Structures are given as structure tokens and as C-alpha cells.
Amino acid sequence: EAGVAQSPRYKIIEKRQSVAFWCNPISGHATLYWYQQILGQGPKLLIQFQNNGVVDDSQLPKDRFSAERLKGVDSTLKIQPAKLEDSAVYLCASSSSGRAGNTQYFGPGTRLTVL
Amino acid sequence: GEDVEQSLFLSVREGDSSVINCTYTDSSSTYLYWYKQEPGAGLQLLTYIFSNMDMKQDQRLTVLLNKKDKHLSLRIADTQTGDSAIYFCAENSGGGADGLTFGKGTHLIIQP
């Protein structure tokens, strides 16, 4: 079974530019998560989707971050415009359903550097 | 708000047991997890424990939960060089929004 796929693996941009990340969850997984992991810290949840609906986006900086999962499968996370403090690894995870105890499987992440 | 605390570093000799500790504040935590992250890699789930349990064993891994003190530990028996990684404690409180709250991670350093 293929794991969670993310692209690109690395991205370097200048501040005020825009960037987008893509995630393809494990086949059949209804729940998809985006986490931000700043160097030296644990991952922080940005947004959770159940199918194509948003379950939790309370920690998403909505003035610059947006995410969508239009057909309930792939998802994109966008930052516009980027700031220096957005430098981090962006992790996508999926689970078969949004219930505690269901394993969240993580992708390899996209490492973003904002100069 | 929710908070998960871990010590940043743990150094052990190869062959000894490692004990990584974690404390959390959310009393509604339903599941508590241990994830492993190797350099440049994603997060790998090692084990998890439901809040109504106090111990779970899986091969070399033993998880102990003290719900009264909100304290979780992960014991790795016979620590090997391949166990060198960052270990994250995480929790979620169930319901529809089950995003994980992570600690900052404990770097496990293995001495030969």
C-alpha cells in the first residue's frame, strides 16, 4: 500500500512570494491533516479535513494560509505572501476516519525555506 | 490550552534501557501516542495507549500512563544504535476534531 505522498520535497522562496504544497493521502483515507513543524519543535496542526469539509482550522493563519481538498482526495496548502517565520517542514497526514485512536500516517514533508 | 512537555535530550549506553518521559495538561486526552522521527524522515507511529489503560507492552516498548499525574513514559529495552532519533509524545481528545498536540520531542542519543 502506498503511503502519503507530498511534493515538492524542498522549496526555497523569497519573502512575500507565494508557494503551494501538494498532498496525496493513502487511498480510501477520509481524513487529511496539515501540520507545520518549525525546527526544534513538534508538529502543530494547521487544518483537518473530513472528506472535502473542514473539521478544524482554528490554528491556520487565515490571512496568509489557505487549504483545499476539493474532491475529497488530494489537498493543496498555499501560503501567500510568505514570511520568514513560515520556514518550516509542512507535514501531511491521513487516517481512515477522524476518530481518536485511528492511526495518522505521515508523509515525508515539504521543507520550506523563506529568505 | 493544551500543552505537552518533554525533556529535550536523553543519552543512554547501547544495551541499556531508555525511559522517555512526557507530561500533558489536557484532562480530556483520550489517546496518547509515541512517534519516532529519524533525520530527514517523516513521523512513524510507535505505539499508543488509551486513557483507561495504565500500561501497554509491545516487544521492546513499554508505555506507562499515570492519568492522575498526567504523566506518560516510553521505555525502550535493550537500546540499539538504530533507536537514535527524536521521540514525540502526542495526545488528542477524541471527537471529530482529532488533530494531535505534540511535545517538542526528546532527542535520544546512544553511546557505544
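Hydrogens, waters and symmetry mates play no part in the numbers below; they use all other heavy atoms, side chains included. Quick caveat: nothing in here was measured; it's all calculated off a predicted structure.
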Q.
Any side-chain to backbone donor/acceptor pair from K56(B) onto Y48(B)? Under 3.5 Å, distance only.
A. yes
**Q.** Short side-chain donor-acceptor distance under 3.5 Å, D98(B) and Q48(A)
**A.** yes
Q | Residue pair Y33(A) / S95(A), side-chain donor-acceptor N/O under 3.5 Å | A | yes
Q. Are there more than 12 heavy atoms of other residues, nucleotides or ligands under 6.0 Å from atom CD of Q44(B)?
A. yes
Q) Under 3.5 Å, is there a donor-acceptor pair between the side chain of S84(B) and the main chain of T81(B)? A) no
Q) Under the side-chain contact (heavy atoms from CB on, under 4.5 Å) criterion, do Y35(A) and L100(B) qualify, and how do the steps go? A) CA-CA 9 Å; Y35(A) 291 84; L100(B) 295 167; 3.6 Å; yes
(Q) Out of R9(A), Q59(A), Q104(A), Q6(A), return the one with the most heavy atom pairs under 4.5 angstrom to chain B. (A) Q104(A)
Q. So which residues of residues 63-73 of chain A are in contact with chain B at a heavy-atom cut-off of under 4.5 Å?
A. none
Q. side-chain contact (heavy atoms from CB on, under 4.5 Å) between S7(B) and N21(B): does it pass, once the steps are laid out?
A. CA-CA 7 Å; S7(B) 53; N21(B) 294 301; 5.6 Å; no
Q: Tell me, with the steps shown, if C89(B) and W34(B) meet side-chain contact (heavy atoms from CB on, under 4.5 Å).
A: CA-CA 5 Å; C89(B) 173; W34(B) 285 104; 3.7 Å; yes
**Q.** Same apolar cluster: Y90(A) and I13(A), side chain cutoff 4.5 Å
**A.** yes
**Q.** Leading residue by heavy atom contact count with chain B [cutoff under 4.5 Å; candidates R111(A), K44(A), Q37(A)]
**A.** Q37(A)
Q) Is it true that K62(A) and D57(A) have a side-chain N and a carboxylate O under 4.0 angstrom from each other? A) yes
Q. Do S18(B) and D83(B) pass the side-chain contact (heavy atoms from CB on, under 4.5 Å) test, and can you show the C-alpha distance, the side-chain angles, and the key distance before you say yes or no?
A. CA-CA 10 Å; S18(B) 306; D83(B) 295 324; over 6 Å; no
Q.
Between Y35(B) and chain A, with a heavy-atom cut-off of 4.5 Å, which part of the residue counts as in contact: side chain, backbone, both or neither?
A. side chain
Q: Select all residues of residues 102-112 of chain B having any heavy atom within less than 4.5 Å of some heavy atom of chain A, and report them by number, or 'none'.
A: F102(B), G103(B), K104(B)
Q. Side chain, backbone, both or neither: which part of L43(B) has a non-hydrogen atom closer than 4.5 Å to chain A?
A. both
